[in-house]
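Naming: A, B, ... by sequence-line order, numbering from 1 per chain.
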There are 2 protein chains.
Amino acid sequence: MNDGTDTGLPTSFELAWGVREHPNKGPKRGLSLNRIIEAAIGVADAEGLRAVSMGRVAAELGAAPMSLYRYVGTKDELVTLAADAAYSPPPDVPAAGEDWRPALARWARAERDTLRARPWVLQVPISGPPTTPNAVAWMERALRCLEKTGLDAGERMATLLLVTGYVRSHMLIETQIAAALESAGQPPGAELTGYGRQLAAVADRARFPALHAVIDSGTFDEPADDIDEDFDFGLERILDGIEVLINARV
Amino acid sequence: MNDGTDTGLPTSFELAWGVREHPNKGPKRGLSLNRIIEAAIGVADAEGLRAVSMGRVAAELGAAPMSLYRYVGTKDELVTLAADAAYSPPPDVPAAGEDWRPALARWARAERDTLRARPWVLQVPISGPPTTPNAVAWMERALRCLEKTGLDAGERMATLLLVTGYVRSHMLIETQIAAALESAGQPPGAELTGYGRQLAAVADRARFPALHAVIDSGTFDEPADDIDEDFDFGLERILDGIEVLINARV
DNA sequence: GTCGTATTGCGTAAGTTATACGCAGAAGTA
DNA sequence: TACTTCTGCGTATAACTTACGCAATACGAC
């Protein structure tokens, strides 16, 4: 029972939104949801998402594992909130008078940069449509970029999902490649030596001709001199596609 | 030490490719990698990825948990192989003389249908670039669609990633919404009642005007009369964007 | 045939993990 | 001052992955 507006969200999410406050009875609280989230982010930053366990986070705070459950209903809630808070605040797009396309491109690159700084966010299993504060704030910004495009609400929403989906899946691949390289002992930034060779060793030439054409071209083994080039390639394709629609609409 | 070509892949992957065979000494094997993978898929289909544990899969086969480790190095390997095998074989694209665009669209819809049939595949954490047989076979098919487009190898690869990334992220959202609905007790196929209301309860109107415009439009609460409409929207945008590039190239 | 050896299935056990439950005590309220 | 409410957390359980090693088996060589 709270003040009438039942959100249907977990209590910890309402806490994060500031919609609900902790009661002020009882003993003084030694922890806070924010501190717990910060601790979880710290562990994930330093040792990866795998290392985030209730016990580990509690240890970081000098608390007992079970004390966290006064602030968070379940481990998944904590991880979701940590992923949300690990996102930086969204960029200030669109600037006054800025066109939708450069604005949305800036938005996409900002999300890319955020994910590059905290790759583990991509490992967090998604358990529903976004309802956490920061994720919704990012949504809001992207929607603002699209307001004067003539697209209807459903199209604006679909466009936003298109762009964020691209950013996330691109960064997932980039991250995985980097991780595979590093675990192979090579310094980050080196080329993906081995992937082409692995495929060639296992996929025979006759059944995979188109693949071998790519392998032979050296695409897999070339150093990615400019990492952002690949990202921009896909982004420009998507923005081109959206532009086609918007121009046809006007 | 095997026949000279060291793939650098886990043994179980080589087994799945057929590149390596089990030695034929020792007692007769009661299990096989394929049977283990099938059992894992069966559990995931019936009870979700969460239910897939070494013990559970072994029980399904009437075997002891530890016996699986003769075929699979680790649980993650098994899950990855199960996800790979859960994909149907890729569609026969392009048909003779088929243009790249309809062919690639068929490819994308086929992947969508596969993921719809086995939503748990999307929950499998990705641990590197694709090296499993079925995943590579899908790659091959998409690359074939793009062979006569004038795009270079790197662009073909980036285009393929663009499309598959879209399919996966779209299906992730579709799946999550469906799951959220079902866990809320509503029958699948019903509208996303509640999401708009949840957001409205928690995100205040002044700070989230663009979002409220979408909420007010009812987009979130309308029944998705044609589920595939949303999917095709994004797909057409992406294909439009690729077409712009191909046309500019010619 | 017979022996040696590689390889099997699997028992045991160790180490993590999330989390249900309930208690003692602290702080606010009447 | 008494009562209620909430906190931190100890205990305990059940599930999980997986290292290690042993006895039994069936092939390959002679």
Side-chain angles (χ1 to χ4, degrees), chain A residues 1-2 10-12 14-15 20-37 39-40 43-44 47-82 123-125 127, chain B residues 1-3 10-12 14-15 20-37 39-40 43-44 47-82 120 123-125 127:
Chain A
M1 288 294 124
N2 53 359
T11 308
S12 62
E14 297 182 349
L15 244 39
R20 176 199 287 253
E21 302 253 314
H22 263 140
N24 45 1
K25 279 200 159 185
K28 197 176 286 179
R29 278 184 309 276
L31 298 172
S32 77
L33 183 56
N34 271 334
R35 283 189 57 214
I36 294 174
I37 291 173
V43 173
E47 302 171 42
L49 191 64
R50 274 239 145 106
V52 176
S53 71
M54 299 306 268
R56 184 78 175 68
V57 173
E60 211 73 14
L61 294 163
M66 285 310 291
S67 53
L68 307 189
Y69 284 97
R70 292 280 178 205
Y71 299 83
V72 150
T74 182
K75 185 201 173 184
D76 287 341
E77 275 180 37
L78 171 56
V79 171
T80 301
L81 288 170
Q123 308 287 37
V124 173
S127 52
Chain B
M1 289 296 124
N2 53 359
D3 52 351
T11 308
S12 62
E14 296 182 350
L15 244 38
R20 176 199 288 253
E21 302 255 314
H22 263 140
N24 43 1
K25 279 200 161 185
K28 199 176 282 181
R29 280 184 306 278
L31 298 171
S32 76
L33 183 56
N34 271 336
R35 283 189 57 213
I36 295 175
I37 292 174
V43 173
E47 303 171 44
L49 192 63
R50 274 242 149 103
V52 177
S53 72
M54 298 307 267
R56 186 76 175 70
V57 172
E60 211 74 14
L61 294 163
M66 286 310 291
S67 53
L68 306 190
Y69 284 97
R70 293 278 180 206
Y71 298 83
V72 150
T74 181
K75 186 199 173 186
D76 288 341
E77 274 179 37
L78 171 56
V79 171
T80 301
L81 288 171
W120 54 266
Q123 309 285 38
V124 173
S127 53

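Listed candidates were dC27(D), dC10(C), dC9(D). Nearest to the side chain of Met66(A) is dC9(D).
We find that CZ of Arg29(B) is positioned 9 Å from C1' of dT7(C), with the value rounded to whole Å. Counting to the nearest Å, the C1' atom of dT7(D) and the CG atom of Leu33(A) are 16 Å from each other. In this structure, the CZ atom of Arg35(B) is 13 Å from the C1' atom of dG9(C), given to the nearest Å. Atom C1' of nucleotide dT4(D) and atom CG of Asn24(A) are separated by 13 Å, given to the nearest angstrom. Distance CD (Glu21(B)) to P (dC27(D)): 16 Å, rounded to an integer number of Å. Note: CZ (Arg50(B)) to P (dT17(C)) measures 16 Å, nearest angstrom. Glu77(B) places its CD atom 14 Å from the P atom of dT17(D), with the value rounded to the nearest Å. dT17(D) atom C1' lies 17 Å from atom CZ of Arg56(B), rounded to whole Å.
The phosphate of dG8(D) (OP1 or OP2) has no side-chain N or O of Tyr69(A) nearer than 4.0 angstrom. Not one side-chain nitrogen or oxygen of Thr74(B) sits closer than 4.0 Å to the OP1 or OP2 atom of dT17(D). Put simply, Lys75(B) has a side-chain N or O that comes within less than 4.0 Å of OP1 or OP2 on dT17(D).
Rounded to the nearest 0.5 angstrom, Leu68(A) CG and Arg35(A) CZ are separated by 11.0 Å. Between Ser127(B) atom OG and Gln123(A) atom CD the span is 9.0 Å, to the nearest 0.5 Å.
Checked by atom type and distance alone, the side chain of Tyr71(A) never pairs as donor or acceptor with a backbone atom of Ile36(A) at under 3.5 Å. Looking only at distances, a side-chain donor or acceptor of Ser53(B) sits under 3.5 Å from a matching main-chain atom of Arg56(B).
When the nearest nucleotides of DNA chain C are assigned to Leu68(B) and Pro27(B) by heavy-atom distance, the more 5′-ward of the two goes with Pro27(B). Along DNA chain D, the nucleotide closest to Lys25(A) and the one closest to Tyr71(A) are compared, and the more 5′ of them pairs with Lys25(A). Between Lys28(B) and Gly73(B), the residue whose closest nucleotide on DNA chain D is further toward the 5' end is Gly73(B).
Heavy atoms of Arg70(A) sit under 4.0 angstrom from at least one base atom. Contacts of Ser67(A) with the nucleic acid, taken as non-hydrogen atoms under 4.0 Å apart, include base atoms.
No side-chain heavy atom of Glu77(A) sits less than 4.5 Å from a side-chain heavy atom of Thr11(A).
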